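Accompanying notes for the structure given below.
The shown structure was predicted, so the numbers you read here are calculated from the model rather than taken from an experiment. Heavy atoms only: backbone and side chains are in, while hydrogens, waters and symmetry mates are out.
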Amino acid sequence: AAFMTCVKLRSVQYDTRKLISAPDVEEPYTFGRMAFGRCVHLRHLQLERHNIQLGESCFEDCARLQSARFRGNGTLEIANYAFNKCVRLKAVYFGDAELQLGTYVFARNRKLRVVRFPPIVHSIGEGSFTDCSGLPGITLPTNKTFTKLETSLFQGCTALRFMHVPGNIHTIKALALCEVQHVILDCYEYTKYIVHWRAFPAVQKLAYLSNYRVEGGVTPKLRTLQLSAGISSFWLSNGNTVSMPHLTRIDMSHTKICDLNETCFTSCANLEEIYLPRTLKIIPYATFRGLHKLHTVENLTHVQHIGTSAFERCGALRSVQFGILLDHIAVNAFSMCKALTDVDFSLTTKDVKLSNGAFNRCTALVNITLPTKTTFLDRYLFMGCTALKSVYMPTCIERVSVTAFYNCVNLDEWYTDATTITPLMYYFRTRPVPRKLYAISSAYTPKKHTCKCPKTLYTGSGTFQLQPAR
């Protein structure tokens with residue numbers, strides 16, 4: 001407290017280089033606790049430093065201090081609350097020293113506009129820039145020794161809307177970027193990152209999320225999530241779901257992501273568009289279940305397996321297209337997608353396993369062309385598809401489950417190019433029975449022992465009136 005409450009002190013200039021007789025002297029020059037505290041008329045601070053330490057609350061409550069400039073080389077350690085409540089401080093220049101900041105160093109400096117970090121920063125303590133409401137922007141250090149954004153680092157910086165986080169930062173703690181609305185996160189290859197779920201609660205656009213592990217919770221205002229080409233994984237700790245209630249768009253199309261967590265997007269209630277990575281092979285259990293506003297799913301053609309209830313109750317989903325790799329659509333995968341009108345299997349080349357209830361109660365589905373090599377239709381597959389009028393069957397079909405088309409009340413037309421469909425007709429027991437069957441192959445001959453069948457059969461060799469067996 002050497003100069004504490006020196007109310008008429010207006011400026012401090014301290015050149016340590018002139019005090020050092022030998023160039024190898026490394027002992028720091030220390031300004032103790034409250035050394036210049038409450039010097040209310042102090043306006044300018046300039047330190048020509050070599051290994052300077054500013055003690056706790058060193059310049060606290062210097063209400064008229066407008067600028068702090070540090071020049072020279074060496075190290076600079078600034079302790080907790082050193083410039084706290086310097087309400088008129090507008091600019092801080094750190095020069096080229098190696099910097100280490102304590103906690104709440106510049107807290108409550110509401111007129112602070114400019115902060116210039118040196119090339120090397122070792123740490124910036126918790127809440128160092130809390131309530132610096134006038135700070136419009138800041139460039140974070142990029143040296144590899146600076147790896148963490150501490151809790152509440154920029155909390156209350158209401159003018160700070162954009163933040164580019166460099167790849168050297170591995171951890172972002174809660175409320176670190178509290179007021180920021182647009183965040184860009186970079187990464188280094190083969191490096192893992194951790195971001196707390198409340199790190200940026202006000203963010204609306206998050207771009208280039210880079211191998212960050214999200215520690216479950218709520219990111220309430222995020223609207224756009226864009227992931228960069230270098231990303232190879234996107235996961236949540238402990239399998240928890242991150243709730244992003246305002247998120248409307250996720251773009252992972254340029255990433256190298258190969259797997260996702262189960263249920264990981266089920267709490268994104270307003271999600272409308274999802275662009276899947278081309279490297280994704282499996283969509284796990286309930287990944288997008290219950291997203292009633294989801295209407296666009298791109299790059300589904302690269303997926304091999306669609307898990308149980310993956311898109312269940314996606315009420316706005318209108319069309320899906322599958323690719324050549326598809327081999328399995330699991331139980332209830334697209335159940336109750338009531339706006340689904342177009343299901344495209346034209347690119348599939350495998351015997352796709354269509355599991356129990358995969359498309360049940362898709363009440364807007366009118367026509368369906370099944371995969372060309374599918375041999376079996378499982379039970380309740382299209383149950384309750386009340387708008388379904390026509391079905392195009394593949395050549396390889398061998399068996400249809402008893403309830404595959406149960407309660408398809410408007411199913412009128414059945415198209416097939418199979419040379420014999422006796423096995424098909426034997427298991428075909430829908431309620432009600434379709435009225436017309438179109439057999440493209442002229443080799444078909446109707447059998448009297450069919451248990452349930454359409455009333456009329458159209459073939460290349462003529463028209464037959466079919467009667468169910470008694």
Side-chain angles (χ1 to χ4, degrees), residues 1 3-7 9-14 31-47 49 52-71 76-95 97 99-118 121-141 146 148-163 173-181 200 202:
F3 297 92
M4 183 176 176
T5 66
C6 292
V7 294
L9 183 65
R10 295 182 180 272
S11 67
V12 175
Q13 182 173 351
Y14 189 75
F31 294 83
R33 184 177 183 274
M34 293 292 293
F36 293 90
R38 301 174 189 169
C39 294
V40 294
H41 286 276
L42 180 63
R43 297 185 179 181
H44 302 285
L45 170 65
Q46 180 172 320
L47 294 179
R49 70 196 183 285
I52 291 292
Q53 291 182 349
L54 300 184
E56 184 175 336
S57 303
C58 187
F59 292 91
E60 185 174 11
D61 281 327
C62 293
R64 297 188 182 182
L65 182 64
Q66 296 181 11
S67 66
R69 186 181 296 270
F70 302 90
R71 292 180 176 176
L76 175 60
E77 298 180 14
I78 303 179
N80 306 341
Y81 304 98
F83 291 89
N84 186 33
K85 293 188 287 186
C86 295
V87 293
R88 296 188 183 182
L89 184 63
K90 296 181 179 180
V92 179
Y93 303 92
F94 290 107
L99 178 64
Q100 183 174 338
L101 293 181
T103 61
Y104 297 94
V105 174
F106 297 97
R108 303 180 187 177
N109 296 340
R110 293 182 173 86
K111 293 190 176 182
L112 186 63
R113 298 288 188 273
V114 180
V115 177
R116 299 284 173 82
F117 287 112
V121 176
H122 294 294
S123 65
I124 300 177
E126 176 182 335
S128 288
F129 295 92
T130 296
D131 289 329
C132 294
S133 55
L135 187 64
I138 192 166
T139 301
L140 294 174
F146 180 62
K148 186 184 299 183
L149 297 184
E150 294 287 355
T151 304
S152 303
L153 182 58
F154 294 99
Q155 184 176 8
C157 297
T158 54
L160 191 62
R161 298 300 186 200
F162 172 81
M163 179 66 71
K173 292 192 175 182
L175 303 177
L177 305 176
C178 187
E179 311 296 337
V180 182
Q181 295 184 2
F200 20 72

* Leu65 CG to Lys90 NZ distance, which is reported to the nearest 0.5 Å -> 11.5 Å
* Partners of Lys85 by side-chain contact (heavy atoms from CB on, under 4.5 Å), sequence neighbours excluded? -> Glu60, Asp61, Arg108
May I have the list of side-chain donor-acceptor pairs in residues 123-139 shorter than 3.5 Å, sequence neighbours left out?
unit_1	atom_1	unit_2	atom_2	d
Ser128	OG	Gly102	O	2.9
Ser128	OG	Gly125	N	3.3
Ser128	OG	Gly125	O	2.8
Thr130	OG1	Gly127	O	3.0
Thr130	OG1	Ser152	O	2.9

* **Pairing residues for Arg161 by the side-chain contact (heavy atoms from CB on, under 4.5 Å) criterion, not counting sequence neighbours** => Gln181
* Would a 4.5 Å heavy-atom cut-off, applied to side chains only, mark Thr103 and Glu150 as touching? -> no
* Out of curiosity, Phe94 CZ to Arg69 CZ, how far, rounded to the nearest 0.5 Å? -> 12.0 Å
* Minimum heavy-atom distance Val92-Leu89, with the two atoms named -> CG2-CD2, 3.8 Å
* Rounded to the nearest 0.5 Å, how far apart are CD of Glu179 and CG of Leu177? -> 10.5 Å
* Which pair of non-hydrogen atoms, one from Cys62 and one from Phe36, has the smallest distance, and what is that distance? -> SG-O, 3.2 Å
* So, for Phe154 and Met163, which heavy atoms are closest and what is the spacing to 0.1 Å? -> CE1-CE, 4.2 Å
* Who pairs with Phe83 by ring-ring contact (aromatic ring centres under 6.0 Å, His included), at least two apart in sequence or on another chain? -> Phe59, Phe106
* State, with a plain yes or no, whether a side-chain heavy atom of Leu76 is found less than 4.5 Å away from one of Leu47. => no
* Structure fact -> Contacts of Thr151 meeting side chain to side chain donor-acceptor pair (under 3.5 Å) (sequence neighbours excluded), chain-then-number -> none
* Structure fact -> In terms of heavy-atom contacts, Cys58 and Gly32 come closest through SG-O, 4.0 Å
* Structure fact -> From the list Arg110, Arg43, Arg64, side-chain contact (heavy atoms from CB on, under 4.5 Å) partner of Arg88 resolves to Arg64
* To do: List for me each residue that meets side-chain contact (heavy atoms from CB on, under 4.5 Å) alongside Ala63, sequence neighbours excluded, and say none if there are none.
  => Val87
* **Test item: Leu54 and Val105 side chains (from C-beta on) under 4.5 Å apart, heavy atoms** => no
* Structure fact -> Taking every heavy atom of Ala82 against every heavy atom of Gly55, the minimum-distance pair comes out as CB-O, 4.1 Å
